[in-house]
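Quick caveat, the model's predicted, so the values are computed rather than measured. The residues of the chain are indexed from 1 along the displayed sequence.
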Amino acid sequence: MTVQENLELGAYLHSGGTKEDYQRVYDLFPLCFDRRNQLAGTLSGGEQQMVAMGRALMSRPKLMLMDEPSMGLAPILVERSFEVIKQVHESGVAVLVVEQNANVSLSIADRGYVLSTGRLVLEARPPTCSTTRASARPISVADRAGAQATHSALG
């Protein structure tokens with residue numbers, strides 16, 4: 001399927017989407033407009049990630065669930081992906097992200113939970129305008145050492 005067909009599929013429940021739906025995706029991902037007639041399978045991994053996010057946005061979601069949105073992406077694309085995730089959240093869409101890169105995730109998150117071997121070891125509330133550091137507290141006494149190491153990494 002082409003990039004355009006992927007976006008149309010995302011808007012299936014909304015009769016293929018409106019001009020505003022497409023403009024929103026194209027504003028966030030100009031590459032989707034530039035490559036709209038290209039087969040999505042021929043795009044790079046980062047470009048395919050953009051198409052997938054665009055397709056999801058075409059459905060006008062109230063909640064987006066994302067699993068490892070930075071996996072396999074070049075560092076510059078990771079930064080751009082998280083900027084877009086933040087913009088999506090600021091537009092009123094609730095976003096739940098499962099991500100190994102805790103520092104990047106917490107930089108845009110309302111709150112974060114760090115797990116180690118299946119146990120919650122740290123709950124963090126990232127900085128707001130009135131604070132300069134993330135507020136974090138270890139959860140599990142058994143994993144206190146891991147939580148402290150994680151807390152140090154979070155700043």
J.: May I have all residue pairs that pass ring pair (Phe, Tyr, Trp, His ring centres under 6.0 Å) and include part of residues 47-97, sequence neighbours excluded?
T.: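 Matches after skipping sequence neighbours: none remain.
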
J.: Strictly below 4.0 Å, N to O, side chains only: are R80 and E83 in salt-bridge contact?
T.: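 Salt bridge flag = yes for E83 with R80.
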
J.: What's in the same ILVMFWY side-chain cluster as V98, cut-off under 4.5 Å, chained through other members?
T.: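 Via sub-4.5 Å side-chain contacts, V98 links to none.
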
J.: Going by side-chain hydrogen bond (donor to acceptor under 3.5 Å, both in side chains), name the residues that satisfy it together with E90, two or more places apart in sequence or in a different chain.
T.: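 Not a single residue meets the side-chain hydrogen bond (donor to acceptor under 3.5 Å, both in side chains) criterion with E90.
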
J.: Who passes side-chain hydrogen bond (donor to acceptor under 3.5 Å, both in side chains) against Q38, sequence neighbours left out?
T.: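 Testing Q38 for side-chain hydrogen bond (donor to acceptor under 3.5 Å, both in side chains), a comparison that skips the adjacent residues, returns T42.
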
J.: Can you name the ring pair (Phe, Tyr, Trp, His ring centres under 6.0 Å) partners of Y26, sequence neighbours left out?
T.: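 If we apply the ring pair (Phe, Tyr, Trp, His ring centres under 6.0 Å) test to Y26, skipping adjacent residues, the hits are F33.
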
J.: What's the separation between atom CG in N101 and atom OG in S107, rounded to the nearest 0.5 Å?
T.: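 So the gap between those two atoms works out to 8.5 Å.
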
J.: Kindly write out the residues that satisfy side-chain contact (heavy atoms from CB on, under 4.5 Å) with E47, not counting sequence neighbours, or none if the list is empty.
T.: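 Testing E47 for side-chain contact (heavy atoms from CB on, under 4.5 Å), a comparison that skips the adjacent residues, returns L31, R35, L43, S44.
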
J.: Output all residues satisfying side-chain hydrogen bond (donor to acceptor under 3.5 Å, both in side chains) with D34, sequence neighbours left out; order by chain, then residue number.
T.: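 Once residues adjacent in sequence are excluded, D34 has no partner under the side-chain hydrogen bond (donor to acceptor under 3.5 Å, both in side chains) criterion.
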
J.: Using the test salt bridge (charged side-chain N to carboxylate O under 4.0 Å, His left out), find all partners of R24 that sit at least two apart in sequence or belong to another chain.
T.: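 R24: no salt bridge (charged side-chain N to carboxylate O under 4.0 Å, His left out) contacts found.
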
J.: Would you say the side-chain atoms of Q4 and T2 include a donor-acceptor pair closer than 3.5 Å?
T.: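 Judged by distance alone, the side chains do not pair up.
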
J.: The criterion is side-chain contact (heavy atoms from CB on, under 4.5 Å); which residues satisfy it with Y113, sequence neighbours excluded?
T.: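 Expected list: R111, L120, E123.
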
J.: Which pairs of donor and acceptor atoms, one on a side chain in residues 50-79, lie under 3.5 Å apart (sequence neighbours left out)?
T.:
unit_1: R55; atom_1: NH1; unit_2: N6; atom_2: OD1; d: 2.5
unit_1: S59; atom_1: OG; unit_2: A56; atom_2: O; d: 2.7
unit_1: R60; atom_1: NE; unit_2: D21; atom_2: OD1; d: 3.1
unit_1: R60; atom_1: NE; unit_2: D21; atom_2: OD2; d: 3.2
unit_1: R60; atom_1: NH1; unit_2: H14; atom_2: ND1; d: 3.2
unit_1: R60; atom_1: NH2; unit_2: D21; atom_2: OD2; d: 2.7
unit_1: E68; atom_1: OE1; unit_2: Q100; atom_2: N; d: 3.3
unit_1: E68; atom_1: OE2; unit_2: Q100; atom_2: N; d: 3.3
unit_1: S70; atom_1: OG; unit_2: E99; atom_2: OE1; d: 3.2
unit_1: S70; atom_1: OG; unit_2: E99; atom_2: OE2; d: 2.5

J.: Residues in side-chain hydrogen bond (donor to acceptor under 3.5 Å, both in side chains) with Q23, at least two apart?
T.: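 With sequence neighbours excluded, Q23 shows a side-chain hydrogen bond (donor to acceptor under 3.5 Å, both in side chains) to D27, given in chain and number order.
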
